[in-house]
Amino acid sequence: MIRPQRKKQKEREALLNDIQKGDKVITIGGAHGKVAGLDNEKNLVWIQFSDTVKIQFDKSAIASVEKINSAASTSTQQLETADKLKTGDAFKGFVFGSKKEVGGEIVFNTSHTGYQEILTDPSYAGQIVTMTYPLIGNYGTNAQDLESSKIWASGIIVKELSTMGFNFQSQQGLNSYLEQNDTIGFGSIDTRHIVRIIRTKGALRGYIAVGDYSVDELKEKVFSVPKMEGSEWVSVVSQKKVRSLTPKKKLFHVVAIDYGIKQNIERLLLERHCEITVVPFDMTAEEIFKLNPDGIFLSNGPGDPSVLRQSISTIQSLINPDKEHPVIPIFGICLGHQLLSLAFGAKTYKLKFGHHGSNHPVKHLVTGKVEITSQNHGFAVNPKSLPSSIKVTHVNLYDGTLEGIQHKTLPFFSVQFHPEGAPVLEDVTILFAGDSGDGIQLTGAQFGETSAILGNDLNTFPNYPAEIRAPAGTLASVSGFQVHFGSKLIFTPGDEADVLVVMNAAALKANLNKLKEGGIIIANTGGFDDKNLTLSKTPANPLENGSLSQYQVYQVDITKLTQTALEGLGLGTKEMHRSKNMFVLGLVYWLYNKTLDHSINNLNAKFKKNPTILEANLRALKAGYHYGETVEIFSTRYEVKPAKMKPGQYRHITGNQAASLALISASQISKLPLFFGSYPITPASDILHDLAKYKNFGVRTFQAEDEISAVCSAIGASYGGSLGVTSTSGPGMDLKSEAVGLAISMEIPLVVIDVQRGGPSTGLPTKTEQSDLLTAMFGRHGEAPAIVLAASSPSNCFTFVYEACRLSLEYMTPVICLLDGFIANGTEPWLYPNVSDLPNINVTFATPRNSNEEPFLPYKRNEKLVREWAIPGTKGLEHRIGGLEKADVTGEVSYDPDNHERMTFLRAEKIARLAQDIPELSISTGVERGDVLLLGWGGTFGNLKTATLELVEEGYKVGHAHLHYLNPFPRNLGHILSHFKKVIIPELNTGQLIRLIRDRYLVPAIGLNKVQGLPFKVKKLQPKDFASNQDVRWCPGCGDYSILKQVQTVLPELGVEKEKMVFVSGIGCSSRFPYYMNTYGMHTIHGRATAIATGLKISRPDLDVWVITGDGDSLSIGANHFVQILRRNVDVNILLFNNEIYGLTKGQYSPASQMGLVTKSTPFGSVDSPLNPLALSLGSDGTFIARTMDRDIPHLRSMITRAHSHRGTSLLEIYQNCVIFNDAVFEPFTEKATKAENDLFLEHGKPLLFGKTNNKGIKLDGLKPVCVDLKNEKESVNDLWIHDEHDLTKASLLTRFFELPNSELFLPRPFGVIYEKDKPTYDRNVNEQIETITKTRGKGNLDSILSGNETWTIV
Ligand code: SF4
């Protein structure tokens, strides 16, 4: 608001109080109208300007009143003001600001905004500026937009003066600002007329007079104004003392000769790490040399350059130094350009009406580019007067005047315009920061998407807080999202931010060091209250204590403004505050000239089921935009033009999204179902989230119970013929190591996507680090080479995850694909491929064969040393694979040392030969041969490319090569290394690639480091059909033989083809079982059989999957997976061989061992309570719980049959005797002599009877089981507990019949089916969901998901 003018306050108050309806008035902005209404209490007046326009004003906005009952004109100011120009033209208007009459050269400026910068630009000294934009003053004035400490222009002429300062940081109106600075303003003038005069007749002198003057008196005043030609103004504006400005980081020292320097130039030099010594215009060359500068800057300034003879002489000394002084680079702007030209011997001349504005096109003759420039000068250099040593570099496209020169051999150059004032930007980095509850990630992502859709190239960096729920307002809770967008190709998220948007004090404190010097801060003042300052441990409010003086700070009470915008929606304060981020987004959209359309569409889609929240977000978004528009928060509104990108159809994508699409694409192209087993872990979880949406593509996602289960399930799925994939990050990679080794040993496809984060251990879950290269290369025991790939950008994740799938499937081996955390979460525009352009993936399964054909040899290899992929269900190919070393070709278990060596080299050679199937490495940027090679891998691509481009531009012979294939390396890597004198390897680790390069190529590289149907088979199989040709190697007398025999006997009765059966085992004696079965089988790793079986069954529900495990295997290391498979109810049969001892490791006690057991590890007896497998199984929501023993053949067979008939996970505990380490442990239950008294054989619907003659029974006393003797006739059979397999409570009691014989609480041990329940199986649910979603949505269309919902075309 315009502030009251104290001088004439009483006079004004009297006049304004006397206003009546019908009075004619003129507003202080010069608009004429009639009073249509009054509210004297509120001091308001309604003014009718036309039949339809009536506006309410504060009375203070009225400049003059013509009483309805008066013929005379009365003025609140002295309106009888006239300006008499040299042409004799006089203009009548009103004065504002100071009333001090002034004369000067009349110039016009075509800028729409920036009047405050113009007034304070020393180059306008001696001039009266006519603003051609019709409304001036509407964003008020502030301390941030000054170009110097005072107003230098003599006066300002406007069409209409706005009395309201709408800018959020306006400190006072233009009127009072001028008054305070003793500068006159002249309003209500037809400025177009003045411009026509000047353009027609040339530069003119003029005079603003206040009061009644005759024409002759006015003429005299005008003629008293000195002409600009020959006028020297520099001595007036130049500082008298030396002044120093120091950047945070100093790279150069620049001496700036002050002919009228602007603060913005100083700010930009500081941003470029220049220490500046600003010296008076008359400092001598000798004095300047003594300052030992790296460069000299000749500033802008006012007046005629040709009269500055001393300055010209000084510059001549500087460009022609004697032997004692070096040649110092010199750069001039505006007057500095003219003086440099004069020093070269050129001539200057007065332009007819000069160049004053912020939109002048200048052609750069060297690049051919047209630059839109800011200009302010009345003189120009005559190009014909330039000596031959000087070339013209720039010309003005309006009138062809010279705009830039450069010495042909020496480092001297200058431009006539103000490059620092250019309103069109090539690239901008914005860092949005706020509390983790402020929606910063959404804000940044939306801004990025909109920028991409509008044609900018971009790169983003989301920076999540490390803690999930740190207290709001604290530093630990700060979340950031950096967007680097531009009209040029963008390869990085930006080193430093140009703009920092902060929602609270903590966000500022945590991110200020990421803002470039002189950068823009947009601060939510609502986040800088005492509470926020305390929480962020900020002692004083930085918005008030001057500590941000080196930045452009814009304070906006976003909290309050958002709240105001959402009034009436019925939302609570907290809900309203959740829309603050949309206000910010709208404001920044306005600042960078971007439309709201994309975000409005997104909000409509996101909140379509919640109209109130939708309305709140839309209102906040629009409020932010309109706020920027209305209050002109920034003096400049920036524009970043579309980038020149490769033509095609683009979409916006994150690295993790690209990885998901690559997996689906590989699945579709290879025609293999995708199985994705994953455990949630930051920052890889998004891949799981994303893939879970694509059920209609047949995608099976399995959220495993842990990392080991995740990778094991993928291995199981892969064995079944699916594209088996797992993802992980950080310590999850450690946990997967053993399983990856298993897949390498078995030579089975497996894709591991490792989204790398900082470590060790849990480390920095949300932070990026290239920390897993050596883990991927060597992080497994034994010689276990895997293919290792790395993606280099968000969209590049598609290319290399797809390639990982191709190589894994075609080479039958695990591939680890490394993604840097920040590219997985980062975004960029993606020129997505057509489906027809995707590389083919050749997958052929081994085909069925009859018994008269050659036997199948699972480890027979082709020319690439790749074995055949024979999947369960294929007739005649039944075979077993596992972690034990296999005999070459046959795949039988082999301990032959020579065979092991041969197999080790074969597996390594297979990976090495891959080098022939991958592209050669090429130089990405820079020279092919030269001084330095920058060799990188993974997410450092953008940084290295950008650095190389800059170094090459500076003349260095530098090349950049980037590795995407890390094992094996591209075959020509050695050649490329040899073409450079030095190899520098920058990595975000302590040096991992460098170790590989030094080791492999003996190059002294320098590290740069920061820390898968046949008709139903009716033929009945015989037991021998299920026996493999492997020798059974258990200890003589081991209970395992009995179990194997009964399984082989029962299987033919089950009606399942043997090629459809898969036996999966873990580690232990019993785990050899699959080798002895002529079915498909997998001997896997310790405790993980249930996880692998889960993956296999989900991906191949047609298979009959069995798990063979022991008490040591599944009840210790594998207990988690054991519980999980029971809970999920996967349709798998588990045969738990319980011998209460570790057999394979030579006799240590197991979790099932009884207390007091003496073993090698418990020589004084175990003090560890035994685990009750059936109680655990029932407690895990198992749906089939049963017990049997190796020595009761009929019972064992019947239980195997029952287990198999159950739909869901069937758990059959089998007491198995280990003759070697725990012989006769179950003797009381298995031997004839004791069995009848100790065993309780359960039958559904029958009473619980036991004893030699069934003379004993169990009755229930309430819920207490009581053992009764039927002989004593106190109880009969009718009193006994009737077994109900479906009664969970009674089943629970039965599992607790666990005491040992002869103990006080002993009850006979139950055998048989204790519990069975019908429950949908997990594998069925997964697949039915896929079918349902596919029916609902239709079969997935790969073209459709590659393109996404929004694309744009670049031509
Ligand atoms: S150690 Fe025990 S369980 Fe293992 S094979 Fe020998 S007898 Fe069987």
Side-chain angles (χ1 to χ4, degrees), residues 880 882-885 892-895 1026-1049 1063-1077 1081-1090 1106-1119 1122 1134-1154 1156-1163 1165-1166 1168 1170-1171 1173 1187-1193 1195-1196 1199-1200 1211-1231:
R880 279 70 44 201
L884 284 176
E885 186 59 281
E892 292 172 1
V893 173
S894 170
Y895 296 135
F1026 287 93
S1028 74
N1029 57 1
Q1030 295 275 302
D1031 290 337
V1032 180
R1033 295 182 181 176
W1034 284 311
C1035 304
C1038 175
D1040 289 350
Y1041 286 97
S1042 171
I1043 303 171
L1044 174 65
K1045 178 73 176 167
Q1046 302 321 315
V1047 170
Q1048 289 174 338
T1049 302
F1063 283 83
V1064 184
S1065 64
I1067 290 293
C1069 296
S1070 62
S1071 295
R1072 299 290 184 90
F1073 195 101
Y1075 289 119
Y1076 310 139
M1077 296 295 298
M1082 297 174 80
H1083 175 205
T1084 68
I1085 49 182
H1086 207 182
R1088 317 305 176 194
T1090 43
W1106 298 72
V1107 167
I1108 306 298
T1109 185
D1111 50 303
D1113 185 56
S1114 62
L1115 300 182
S1116 54
I1117 185 171
F1122 182 76
I1134 303 173
L1135 303 185
L1136 170 59
F1137 294 25
N1138 183 7
N1139 54 20
E1140 297 187 355
I1141 199 78
Y1142 282 142
L1144 193 71
T1145 52
K1146 309 251 183 312
Q1148 299 80 18
Y1149 85 105
S1150 85
S1153 297
Q1154 298 297 328
L1157 185 70
V1158 174
T1159 69
K1160 289 176 181 172
S1161 59
T1162 54
S1166 167
D1168 203 346
L1171 191 148
R1187 181 186 286 134
T1188 188
M1189 65 184 82
D1190 54 2
R1191 299 203 175 185
D1192 191 330
I1193 307 304
H1195 193 264
L1196 175 57
M1199 286 302 105
I1200 294 170
L1211 185 276
L1212 178 60
E1213 181 190 17
I1214 308 173
Y1215 283 173
Q1216 174 254 328
N1217 190 41
C1218 171
V1219 292
I1220 304 299
F1221 297 112
N1222 206 13
D1223 190 24
V1225 66
F1226 298 119
E1227 196 176 72
F1229 308 113
T1230 59
E1231 301 309 305

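Just follow the structure's listing: the first ligand is 1, and inside any ligand the first atom is 1. As the structure is a prediction and not an experimental result, all values here were calculated from the model.
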Query raised in the report: Should the ring pair Phe1073 and Phe1063 be called parallel, tilted or perpendicular, given that the plane angle runs from 0 to 90° and is split at 30 and 60?
Result: tilted

Query raised in the report: Where's the contact between Asn1139 and ligand 1, heavy-atom distance under 4.0 Å: side chain, backbone, both or neither?
Result: side chain

Query raised in the report: Do Leu1135 and Val1047 have side chains that get closer than 4.5 Å, going by heavy atoms?
Result: yes

Query raised in the report: Parallel, tilted or perpendicular: which describes the rings of His1083 and Tyr1075, with under 30° parallel and over 60° perpendicular?
Result: perpendicular

Report summary line: The closest protein heavy-atom partner of atom 4 (Fe) of ligand 1 is Cys1069 SG, 2.3 Å

Query raised in the report: Angle class for the Tyr1215/Phe1229 ring planes (parallel below 30°, perpendicular above 60°, tilted otherwise)?
Result: tilted

Report summary line: If you scan protein heavy atoms around atom 2 (Fe) of ligand 1, the nearest is Cys1218 SG, 2.3 Å

Query - Interfacing atoms of ligand 1 (cut-off 4.0 Å, heavy-atom, Val1219) - result: 7 (S)

**Report entry** Option passing side chain to side chain contact (heavy atoms under 4.5 Å, CB included) with Thr1159 (candidates Tyr1149, Tyr1142, Phe1221)
**Finding:** Tyr1149

**Report entry** Nearest non-hydrogen protein atom, atom 6 (Fe) of ligand 1
**Finding:** Cys1035 SG, 2.4 Å

Query raised in the report: Going by heavy atoms in the side chains, are Ile1200 and Leu1212 under 4.5 Å from each other?
Result: yes

**Report entry** Ligand-side contact atoms (ligand 1) for residue partner Phe1221, heavy atom cut-off under 4.0 Å
**Finding:** 1 (S)

Report task. Check ligand 1 against Gln1216 and write out every atom of the ligand that is under 4.0 Å from a heavy-atom position of the residue. Result -> 3 (S), 8 (Fe)

Query raised in the report: Is atom 2 (Fe) of ligand 1 less than 2.8 Å from an N/O/S atom of Cys1038, whether that atom is in the backbone or a side chain?
Result: no

